[in-house]
Number of protein chains: 2
Amino acid sequence: MSFTPLTEQLIEALQVLPGVGSRSAERMALQLLERDRTGAESLTRALRSALDGVRQCERCRALSESELCTLCSDDDRDHSLICVVETPQDREAIELSGGFRGDYFILQGHLSPIDGIGPEELGIPQLIDRVRDGGIQEVVLATNATMEGEATAHYLIEQLGPLGTAVSRLAQGVSRGELGRVDSGTLSHALTDRKQVSFEHD
Amino acid sequence: MSFTPLTEQLIEALQVLPGVGSRSAERMALQLLERDRTGAESLTRALRSALDGVRQCERCRALSESELCTLCSDDDRDHSLICVVETPQDREAIELSGGFRGDYFILQGHLSPIDGIGPEELGIPQLIDRVRDGGIQEVVLATNATMEGEATAHYLIEQLGPLGTAVSRLAQGVSRGELGRVDSGTLSHALTDRKQVSFEHD
Ligand SMILES: [Zn+2]
Ligand SMILES: [Zn+2]
C-alpha cells in the first residue's frame, strides 16, 4: 500500500507497541485516520496525560502519580523490609498471596548484558543507597528462578553482602520459573519460609 | 493488576486499536510507561501530526495531506471515469492491475444498517453530487462480491440510474469475494470487460 508521509510516520511509530509489526500497524493507522478519529483523539490525549503525569515512585520504581506510590506511603506497612521483584506483576502476585507486608523494589527487568541492561538500568545503585542509609532489617530477593533472575539475585547478594543487612531468598517451591505462575498459597509459604543467605559461603 | 488512574485511562484508550483487548492494552501501556518513554513520545507526536495533517481527499475520500490526493490531482488520468471501491486496499489492487486510469471514489466501507453505516457515512451524496455536476462519462462499480458489497452496488445503481451517466460493473471472475484476493491479470480483465448496467431491468 502507498500512504501519505504522515500516515507512514504513524505506521512506523505504532511499531513501538509490543507485538505490533508493520501489517498490524498499517491496519491500526487506517482505522484511526479513516474510521475512528474520536478514538484517535482520546488515545493521543491519554498518551500525553500519562507521559506527563505518570512517573516512577522514587523509592520502589513502581509507576506512580506522586513522589511515593500508594504502597511506599502506606504507614501500615513495615518499611524496614524490602522485597526485590523483577516486575509490577510479580509485586501484584506477592500482594495477592498476602504473605508480605513490607516495601518492594521493582527492578523492571533483570540483568541482561546482551540487551544493554546492567545494574544502572535496573536501579540497583538506588537500592544499595537505600540499604546503606540504614533502617532496613532485611532484603528479600524474589527475582524469578530463571537463568537471568538467578544471575540478578547473585549480583544483588554480592552488592548487599558487605552492608551487613540480612538478605534472604524465597524458599523452594517457587524456584521453578516465574513468580506470576505460582499459586498464592505456595507463594505465601515461600515468603514465610524464606532462607537467609549466608555470606560466608557465597 | 492495579494501575494508577492515568495508566488506567491509557489502557482504556489503547483499546480503540483494532485487535487490542484489555490484556494487550495493559502490556502496551506498561511497555510505553516503564520501558520505552522515547517510543511513547514519538507515538504521541506521530498521532498528533497525523490527526492534524491527514484528512480525506475532497474528491475521492482517500487519505491525503492536501485538498486533493495525488491520484485526483494527476493530469495524466482520465477524470471522466470514476471507479467506486470499498477500501483504499481495493484501489491499490486495481492500481497494481494497471487496468484502470481514471479516478476513484473510496466508500471506506459498505452499507451496513446494523452498524449504523448508511449512505451518508459512505459519502454517497458527495459522489451523486459529483456525477450530477457533469463531466463524468462512466461510473464503474467495483464493490466486493459479498452480500454487503452487492447491496451497496444496488443502492448506487438506483441512485445513479436517473442521472443518465453510464454505470458499469466488473466482469465475472472477480465476482467471488474480495477484490484484494484476486490476481492482477484477472482484475485487469474484469475491468476491461466491464458490463454496462441496463437501467430498464433494474
Ligand atoms: Zn513505591
Ligand atoms: Zn482523491
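We name chains A, B, ... by the order of the sequence lines, and we start the count at 1 in each one.
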- Task: Below 4.5 Å from any heavy atom of chain B, which atoms of A/Ser64 appear? Answer side chain, backbone, both or neither.
- Result: backbone
- Query: Checking A/Gln15 against chain B: side chain, backbone, both or neither under 4.5 Å from a heavy atom?
  - Reply: neither
- Item | Polar side chain donor-acceptor pair, A/Ser80 to A/Asp78, under 3.5 angstrom | yes
- Query: Does the side chain of A/Glu138 come under 3.5 Å of the side chain of A/Ser168 through a donor N or O and an acceptor N or O?
  - Reply: yes
- Dump the intermediate steps for side-chain hydrogen bond (donor to acceptor under 3.5 Å, both in side chains) on B/Thr143 and B/Glu86, then the final yes or no. CA-CA 6 Å; B/Thr143 54; B/Glu86 295 188 23; 4.8 Å; no
- Under 4.5 Å heavy-atom distance to chain A, tell me which part of B/Glu12 shows up: side chain, backbone, both or neither. neither
- Item | Interface residue of largest heavy-atom contact number with chain A, from B/Ile106, B/Val20, B/Thr7, under 4.5 Å | B/Thr7
- Heavy-atom pairs under 4.5 Å with chain A, option from B/Asp52, B/Val54, B/Leu96 with the top count: B/Val54
- Message: Looking at A/Arg35 and B/Glu121, is any side-chain nitrogen of the basic one under 4.0 Å from a carboxylate oxygen of the acidic one?
- Response: no
- Query: Does A/Arg130 come within less than 4.0 Å of A/Asp133, counting only side-chain N to carboxylate O?
  - Reply: no
Out of [options], return the one with the most heavy atom pairs under 4.5 angstrom to chain B.
{"options": "A/Ala29, A/Pro88, A/Ala62, A/Cys69", "answer": "A/Pro88"}
{"options": "A/Arg61, A/Glu41, A/Gln56", "answer": "A/Glu41"}
{"options": "A/Glu65, A/Gln108, A/Gln9, A/Met28", "answer": "A/Glu65"}
{"options": "A/Leu10, A/Leu17, A/Thr70, A/Leu51", "answer": "A/Leu51"}

- Message: Between A/Arg27 and A/Glu34, does the salt bridge (charged side-chain N to carboxylate O under 4.0 Å, His left out) criterion hold? Intermediate values first, please.
- Response: CA-CA 10 Å; A/Arg27 210 166 50 239; A/Glu34 286 170 353; over 6 Å; no
- Message: If we ignore hydrogens and angles and just use 3.5 Å, is the side chain of A/Arg37 paired with the main-chain N or O of A/Leu33 as donor and acceptor?
- Response: yes
